[in-house]
Q: 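Have a look at this one.
All values below come from the heavy atoms of this structure, side chains included, with hydrogens, waters and symmetry mates left out. The first residue of the sequence shown is numbered 1, and numbering continues consecutively from there. Both ligands and their constituent atoms are indexed starting at 1 by order of listing.
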Amino acid sequence: MRKNVIAGNWKMNKTLSEAEDFIEATKTKIPSSDKAEAIVCAPALYLTELVKRTEGTDLKIAAQTMHYEENGAFTGEISPAALKSVGVEYAVIGHSERREYYNETDETVNKKTHAAFKYGITPIVCIGETLEEREADKTNEVVGGQVEKALEGLSADQVSNLILAYEPVWAIGTGKTATAQQANEVCAFIRNVVKEKVSAEAAEGVRIQYGGSVKPANVDELLSESDIDGALVGGASLEADSFLALVEAGSK
Ligand SMILES: O=C(CO)COP(=O)(O)O
């Protein structure tokens with residue numbers, strides 16, 4: 001059985017003391033469950049401190065992005081080797097905001113996914129269509145293409161171990177959630193692409209999260225769907241109580 005992944009993506013929110021308060025309020029309250037993994041995707045500046053504070057707990061810390069090179073002249077960037085050196089175990093790759101504002105492409109997403117595996121970091125690879133694409137009936141074409149390119153050259157074993165996050169761009173931060181059925185349809189489609197392009201075992205193993213206006217009030221319905229294996233949550237992950245309610249839902 002696949003383990004749910006409940007990940008809070010803080011984006012560009014919280015000061016250091018707010019981040020520390022959140023971690024202290026949640027880290028010992030994560031249910032130790034074989035049904036869910038709980039992750040906070042924090043601003044890079046706080047990763048070292050938050051990894052230290054969560055050592056030995058069931059709360060894991062992720063980076064929100066990373067570079068694909070090990071080192072070099074890339075001012076302002078953070079390498080997978082640097083993330084690994086401070087104990088970061090997961091990295092979000094190709095979030096739609098990075099694709100929109102920072103020139104992230106399917107090609108860089110693929111390079112970063114390879115680099116993450118090289119450094120023992122589990123990639124959380126984001127994909128999703130815009131409203132325009134959905135309205136033009138291009139959801140499967142767009143999402144299928146993104147998945148195919150993101151996974152190019154990876155071994156079946158690597159694909160089994162990565163996390164995909166299906167985040168329709170029109171549902172992010174808008175309060176518009178895809179219905180559980182709409183979300184599941186695309187997640188099932190994605191799993192089928194993995195089956196066809198990689199292997200049946202990889203499709204069985206890969207976790208597919210849904211993201212886009214997930215909150216405690218709608219998470220149960222989303223997680224009850226057969227092909228949704230967790231949630232990548234922005235706004236509703238910023239408050240400790242709300243994050244804990246989401247993790248609780250994933251652990252049932
Ligand atoms: O982009 C998201 C998570 O990565 C979703 O954000 P919201 O939950 O705020 O819609």
Q: State, without any angle test, whether E97 and Y102 hold a side-chain donor-acceptor pair at a distance under 3.5 Å.
A: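 Their side chains do not contain a donor-acceptor pair, so the 3.5 Å distance test is not met.
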Q: Identify, with sequence neighbours excluded, every residue that meets side chain to side chain donor-acceptor pair (under 3.5 Å) alongside E221.
A: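 Counting only residues at least two positions away or on another chain, E221 forms no side chain to side chain donor-acceptor pair (under 3.5 Å).
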Q: Can a donor-acceptor pair be found between the side chains of Y46 and E18 at a distance below 3.5 Å?
A: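 Side chains of Y46 and E18: no pair found under 3.5 Å.
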Q: Testing the 3.5 Å rule here: is there a donor-acceptor pair between the side chains of D58 and S32?
A: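 Result is yes, a qualifying pair exists.
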Q: Look at the side chain of N161 and the backbone N and O of Q158, then say whether any donor-acceptor pair between them is shorter than 3.5 Å.
A: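 Pair absent, no side-chain N/O of N161 close to backbone of Q158.
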Q: Any Lys/Arg nitrogen of E37 or R207 sitting under 4.0 Å from an Asp/Glu carboxylate oxygen of the other?
A: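 A salt bridge links E37 with R207.
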Q: For ligand 1, would you mind listing the residues that have at least one heavy atom less than 4.0 Å away, ordered by chain and number?
A: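 Contacting ligand 1 under 4.0 Å are N9, K11, H95, E167, A171, I172, G173, G212, S213, L232, V233, G234, G235.
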